[in-house]
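What follows is a single structure, written as structure tokens, with notes after it.
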Protein chains: 2
Amino acid sequence: MVNLTETDFNGMEELLISYIKSKISVTNEELATILSYFKPMKAKKNELLLTHGQSSQRTFFVVKGCVRIFFINEEGQDSTRYFAFENQFATALVSFITSEPSEEFIQAVEDSEVYYITHKNFYQLLEIVPQWEKFYRIYLEIAYVNNTKRLMSFLIQDALEKYRQLLDESPIIVRRLSNKMVASYLNISQETLSRLKSKL
Amino acid sequence: MVNLTETDFNGMEELLISYIKSKISVTNEELATILSYFKPMKAKKNELLLTHGQSSQRTFFVVKGCVRIFFINEEGQDSTRYFAFENQFATALVSFITSEPSEEFIQAVEDSEVYYITHKNFYQLLEIVPQWEKFYRIYLEIAYVNNTKRLMSFLIQDALEKYRQLLDESPIIVRRLSNKMVASYLNISQETLSRLKSKL
DNA sequence: CTAAAACATTGACTTGAGTCAAAAAATGAA
DNA sequence: TTCATTTTTTGACTCAAGTCAATGTTTTAG
């Protein structure tokens, strides 16, 4: 069914391999099966990998660049829920789980190189590679913890506190991305962010 | 190791059994193993099942009554993240996953009857009952979807919209619980909630 | 290299929702 | 039932953060 040898595990793939191996122990054969389901692709800056209303058929692993997951309210303002940089997965998980059309978009924030696996193949892996169930469980655990901490931060912190915490915990977001993206992530207006920066 | 027959599956337990069976298929022996790890307990209204700073050693299944998961900000105001009524699980999941001390509290909102399983036993089940890994995965999926929808609602809805959605999607919360609890769940002040109600 | 577009800053004004305080209503224990 | 506690409502005031608008600054495409 799958015929992939060690020597095929080149370049970009190594990042994905070491990511998987850091989470679960798999035989070489299982690893080959897993990798055979992942396909590489490139995305230009601003390109949408998933648009609103589609159901989320893919989960992405970022090898180079950065993608974000965001959604848009009635007034047309966007809120970013998550940035995935190198060596991180990005999935519109709600849609991926429920199979309902996504309220979220996935977009390349920089020119990016990613791997993706389709929803169908992902769930097939759950059946045929026992350890994949554990991989997914760990992924869900991390995603849950991230989201819940984020939820709590929105409930109890004001704009300044959120910005300070971001500088403290994820300085890469501030260093590498535009004000607009940072404001979207903190869910404040660009003007407010600009004012915070001058206050600090 | 376990010696539990069908006839032991009485009363309260039936709710738990049918809940588990609705999520995964298990043999009677596996089911008996699972149930042997769950212990019943009662809690009076307002009693804390988990307090801040403890690490979350237990996950609870509500048979009767209602429990809530909440946390408290620096000014002493509480935000409720989740209400579990009959036939629902309640876990301070972040702490349960990370094994760090909980920033969340779990509290009985009404006189309640619950089952609990300890963290240690829960993870033991993951090892010895293969389907339990799937049960946990499904639990995490549901919890993730809930939390993320909640996060999005806080980001894009104002007080009135949040209240309307609650009436629409979880009227039981409004019908059965005090204003104070509802306000805590919507993360608005009691006064604001009171004003919303007169506007509707 | 240059023009156009996108992004960032600053000021003036507005507003949703919070706080504080006091009164009214509901709940509950003796 | 009754008195005390808790909960809910209403009014007056405050404030964090948003909007709109104008002006700089940076990025990008040709």
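Lettering follows sequence order; numbering is per chain, from 1. Remember, predicted model here, so these are calculated numbers, not experimental data.
Partners of A:Ala43 by side chain to side chain contact (heavy atoms under 4.5 Å, CB included), not counting sequence neighbours, listed by chain and number: A:Glu47, A:Leu49, A:Ala108. Every residue was checked against the side chain to side chain contact (heavy atoms under 4.5 Å, CB included) condition with A:Ser22, not counting sequence neighbours, and none meets it. For A:Lys39, the side chain to side chain contact (heavy atoms under 4.5 Å, CB included) partners are A:Tyr116, not counting sequence neighbours.
Taking 4.5 Å as the limit, every side-chain heavy atom of B:Glu133 sits out of range of all side-chain heavy atoms of B:Arg137. A 4.5 Å side-chain heavy-atom check between B:Leu35 and B:Tyr115 finds every atom pair outside the cut-off. Contact annotation: the side chain of B:Phe135 never approaches that of B:Leu126 to less than 4.5 Å [non-hydrogen atoms, C-beta and beyond].
Using a 30° and 60° split on the angle between ring planes, B:Phe83 and B:Phe85 fall in the tilted class, from 30° to 60°. The aromatic rings of B:Phe70 and B:Phe105 sit parallel to each other, their planes meeting at less than 30°, with 60° as the upper class boundary.
In the model, B:Thr91 has a side-chain atom that pairs as donor or acceptor with a side-chain atom of B:Tyr139 under 3.5 Å. A:Gln157 and A:Gln165 share a donor-acceptor pair across their side chains, judged by distance under 3.5 Å alone.
To the nearest angstrom, P of D:dA17 lies 17 Å from CD of A:Gln190. Rounded to an integer number of Å, the gap from CD1 of B:Ile156 to P of C:dG16 is 18 Å. Rounding to whole angstrom units, CG of residue B:Asn46 and P of C:dT27 are separated by 16 Å. At whole-Å resolution of the value, CG in B:Asn73 and P in C:dG18 are 12 Å apart. Separating the NZ atom of B:Lys197 from the P atom of C:dA25 is a distance of 15 Å, rounded to the nearest angstrom. Rounded to an integer number of Å, the gap from B:Leu196 CG to D:dT8 P is 14 Å. Between the NZ atom of B:Lys180 and the C1' atom of D:dT6 there is a distance of 8 Å, given to the nearest Å.
Across all strands, A:Leu193 comes closer than 4.0 Å to no nucleic acid atom at all (heavy-atom distances).
Within the helix from C:dC1-D:dG30 to C:dA30-D:dT1, the inter-axis angle between the opening and closing five-pair segments is 60°, rounded to 10°.
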Go along nucleotides 19-30 of chain D 5' to 3' and tag each nucleotide: B for a protein heavy atom under 4.0 Å from its base, S when only backbone or sugar atoms are that close, - otherwise. BBB------S--
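Under a 3.5 Å cut-off, the side chain of B:Ser170 and the backbone N or O of B:Ile172 do not form any donor-acceptor pair.
Within residues 157-179 of chain B, the residues approaching DNA chain C are B:Asp158, B:Ala159, by heavy-atom distance under 4.0 Å.
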